[in-house]
Amino acid sequence: MGTVGTGAEETAGERRQLINVAYRLLGSVTEAEDAVQAAYARWYGLPRSRREEILSPGAWLTTVTSRICLDLLGSARARRERYVGAWLPEPLPDRTEWDQAGGAGPTGSADPADQIVLDESVGMAFLVVLETMTPAERVAFVLHEVFRYPYAEIAGILGRTPAACKQLAASARRRASVARPPVTATGQAHVVRRVKEAWESKDITALVGLLNPAAVMTADGGGMVGTVLRPVEGGARIAQYMVAIADKAPGLELLERSVNGVPGLVAQHAGTVVTVASFDVLDGHVTRIWAVRNPEKLRPWGGRAVR
């Protein structure tokens, strides 16, 4: 039985949903775009008669994209074991600041950020927790908890029973419970601004006062730029490290920017974005800092930060 919706225009309309699913599953804009592109290649590789038999092209594309992501997640563990230092998800700028120098992405928009909904499910804290899950847990959890797919459909993607998928999602939910919802944007912005001011003035005492004593800072340079390879633990040590960075990079400019939909900081040197920092804030103090310095993960931010 055929269906309306097998044409290029109708299936192209599914890209936004597919990119949103794939980014949350992979934590990488580049890999998400590649996964979606591969899914469309498979769709158009089907004989037209087969495409006309598929009642829901969107569901078919979601299933294929999710399976591609599942395979990528399985191989990602081995790749990340070889990764130099800590691996962090790619940070997302606000859509008004997404670099357009590379032209239109595979979503058909000159601005891929228009395709990704910035909500709590793309917060850095949430994405980092997703990294602790098994590939099957992550797929079951993201599809059910974030996108409300029924377990019967997830079962077809994972090749397991609906009951098994429900158990996977429950296990993942317990892991995700440690990721608190972010504080209000206003509250977070206030703390981030104070961190910026203390960092710029190299005021260690002020920084220590803004950092939780048990705070942890994780940096991702991917072996391409200099940075700490292990997390820096303790508010005092983090403050000292931040001031040392400022001393070593005269002319470093800090800008308050939205990072994955939450107030964060962008550092640029000589007009080039060199670091994007995300923060987790609790009771007015920073508990976690995630600093992405790997140039390959900063491509959406472009060579220059937007003022």
Side-chain angles (χ1 to χ4, degrees), residues 23-24 27 29 88-99 111 113-114 116-130 176 178-220 231-232 235-236 238-239 241-243 245-246 249 252-269 271-293 297-298 300-302 304-307:
Y23 174 71
R24 286 160 176 79
V29 178
L88 292 175
E90 288 183 23
L92 295 177
D94 185 81
R95 65 190 57 199
T96 62
E97 299 186 16
W98 192 287
D99 175 45
D111 184 354
D114 282 340
I116 300 178
V117 178
L118 299 178
D119 58 21
E120 292 178 6
S121 66
V122 295
M124 189 61 70
F126 189 80
L127 291 175
V128 168
V129 170
L130 291 180
V178 303
R180 305 180 310 277
V183 299
T184 64
T186 301
Q188 174 121 348
H190 175 69
V191 174
V192 170
R193 182 172 299 114
R194 292 178 63 195
V195 169
K196 172 182 177 289
E197 294 168 349
W199 196 354
E200 287 176 329
S201 61
K202 303 179 184 179
D203 189 338
I204 290 182
T205 301
L207 283 171
V208 170
L210 291 166
L211 295 163
N212 185 291
V216 178
M217 185 192 78
T218 304
D220 177 350
V232 180
I238 294 172
Y241 179 76
M242 292 171 72
V243 170
I245 291 175
L252 190 70
E253 185 178 11
L254 300 176
L255 304 170
E256 297 174 49
R257 291 290 178 261
S258 169
V259 182
N260 287 61
V262 179
L265 290 178
V266 169
Q268 67 173 14
H269 191 264
T272 299
V273 175
V274 294
T275 303
V276 173
S278 305
F279 299 83
D280 192 22
V281 175
L282 177 65
D283 297 331
H285 293 84
V286 174
T287 59
R288 294 294 302 259
I289 301 174
W290 297 282
V292 177
R293 302 201 67 233
K297 296 185 179 184
L298 300 181
W301 298 81
R304 300 185 66 85
V306 180
R307 293 183 176 280

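By the salt bridge (charged side-chain N to carboxylate O under 4.0 Å, His left out) test, E256 pairs with R193, sequence neighbours left out. For S258, the side chain to side chain contact (heavy atoms under 4.5 Å, CB included) criterion is met by D94, not counting sequence neighbours. Among residues two or more places apart in sequence or in another chain, the side chain to side chain donor-acceptor pair (under 3.5 Å) test is passed with D220 by Y83, K297. Judged as a side chain to side chain contact (heavy atoms under 4.5 Å, CB included), and not counting sequence neighbours, the contacts of L210 are R194, V195, A198. For A214, the side chain to side chain contact (heavy atoms under 4.5 Å, CB included) criterion is met by N212, not counting sequence neighbours. Under the rule for a side chain to side chain contact (heavy atoms under 4.5 Å, CB included), the partners of A291 that lie at least two apart in sequence or sit in another chain are A219, T275.
For the atom pair CG (L282) and CD (Q188), the distance works out to 11.0 Å, reported to the nearest 0.5 Å. Rounding to the nearest 0.5 Å places CG of L207 at 10.0 Å from CD1 of I238. Taking CZ from R288 and CE from M124, the interatomic distance works out to 11.0 Å, rounded to the nearest 0.5 Å. The OG1 atom of T218 lies 6.0 Å from the CG atom of L88; values are rounded to the nearest 0.5 Å. The distance from atom OG of S201 to atom NZ of K196, rounded to the nearest 0.5 Å, is 10.0 Å. Note that the CD atom of Q268 and the CG atom of L298 stand 12.0 Å from one another [nearest 0.5 Å].
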Show your reasoning for whether side-chain contact (heavy atoms from CB on, under 4.5 Å) applies to V232 and V216. CA-CA 6 Å; V232 180; V216 178; over 6 Å; no
I would like to know whether L211 and H285 meet side-chain contact (heavy atoms from CB on, under 4.5 Å); could you show each step before the answer? CA-CA 5 Å; L211 295 163; H285 293 84; over 6 Å; no
Verdict with reasoning, L254 to V266, per side-chain contact (heavy atoms from CB on, under 4.5 Å): CA-CA 6 Å; L254 300 176; V266 169; over 6 Å; no
Could you go through the side-chain contact (heavy atoms from CB on, under 4.5 Å) check for V122 and F126 one step at a time? CA-CA 6 Å; V122 295; F126 189 80; over 6 Å; no
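Just one residue in the list N260, V276, V29 forms a side-chain contact (heavy atoms from CB on, under 4.5 Å) with E90, and that residue is V29.
L130 has its side chain within reach of L127: a pair of non-hydrogen atoms, C-beta onward, lies under 4.5 Å apart. W290 is not listed as a side-chain neighbour of P89, based on a closest heavy-atom distance of 4.5 Å or more. Using a 4.5 Å heavy-atom cutoff, the side chains of V191 and F279 are not in contact.
Sorted by first and then second residue, the salt bridge (charged side-chain N to carboxylate O under 4.0 Å, His left out) pairs involving residues 207-217 (not counting sequence neighbours) form an empty list.
Closest approach of A215 to V286, counting heavy atoms only: CB-O, 3.5 Å. Residues V208 and A239 share a closest heavy-atom pair of CG2-CB, 3.7 Å. Taking every heavy atom of both residues into account, W301 and P91 meet most closely at NE1-O, 3.2 Å.
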